[in-house]
Amino acid sequence: MQFIEFKKEHFTHDEKQNSYFLEISKDEVGFGNLKIQKKSDDHLSDDLDYEIIDHPVRIRMVVKETEDIRVNF
């Protein structure tokens, strides 16, 4: 399994929805299942409330609060 890590600063604020999002091209992560984990220091946690919106060429991850994350694919 491969992964990509993102910092809080990578998220974009959606003022209308009062949330934050991050988009990743499917060319980068493939077309399989994703697992998103909250990352703090060297600790990974599954305690992250998120929504994945699947578009034909990209994946959008939506969260209420920004966190450093790891996306496993």
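All heavy atoms count here, side chains included; hydrogens, waters and symmetry mates do not.
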Test side chain to side chain contact (heavy atoms under 4.5 Å, CB included) applied to Asn18 and His13, step by step: CA-CA 7 Å; Asn18 193 28; His13 186 233; 4.1 Å; yes
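Follow the hydrophobic side-chain contacts under 4.5 Å out from Phe11 and you never reach Phe21; the two are in separate clusters. The same ILVMFWY cluster, assembled from side-chain heavy atoms under 4.5 Å apart, contains both Phe6 and Phe73. Residues Tyr20 and Ile24 share a single hydrophobic cluster, defined by chaining ILVMFWY side chains whose heavy atoms lie under 4.5 Å apart. Cluster annotation: Ile53 is not connected to Ile36 through the hydrophobic network of ILVMFWY side chains, with a link wherever side-chain heavy atoms come within less than 4.5 Å.
Using a 4.5 Å cut-off on side-chain heavy atoms (C-beta onward), Val29 and Leu34 make contact. At a threshold of 4.5 Å between non-hydrogen side-chain atoms, the residues Tyr50 and Val62 do not count as touching. The shortest distance between side-chain heavy atoms of Val63 and Asp49 does not fall below 4.5 Å. At least one side-chain heavy atom of Leu48 sits less than 4.5 Å from a side-chain heavy atom of Ile69.
With rounding to the nearest 0.5 Å, the separation of CD1 in Ile52 from CE in Met61 is 7.0 Å. We find the CZ-NZ distance between Phe3 and Lys39 to be 8.0 Å, quoted to the nearest 0.5 Å.
Formation of a donor-acceptor pair under 3.5 Å by the His43 side chain with backbone atoms of Ser40 is not found in this model.
Between Asp54 and Arg60, no side-chain nitrogen of the basic residue sits less than 4.0 Å from a carboxylate oxygen of the acidic one, so the salt-bridge criterion is not met.
For Asp47, the side chain to side chain contact (heavy atoms under 4.5 Å, CB included) criterion is met by Lys38, Ser45, not counting sequence neighbours.
Legend: side chain to side chain donor-acceptor pair (under 3.5 Å) pairs involving residues 61-73, not counting sequence neighbours, sorted by first then second residue: Glu5-Arg70, Gln37-Asn72.
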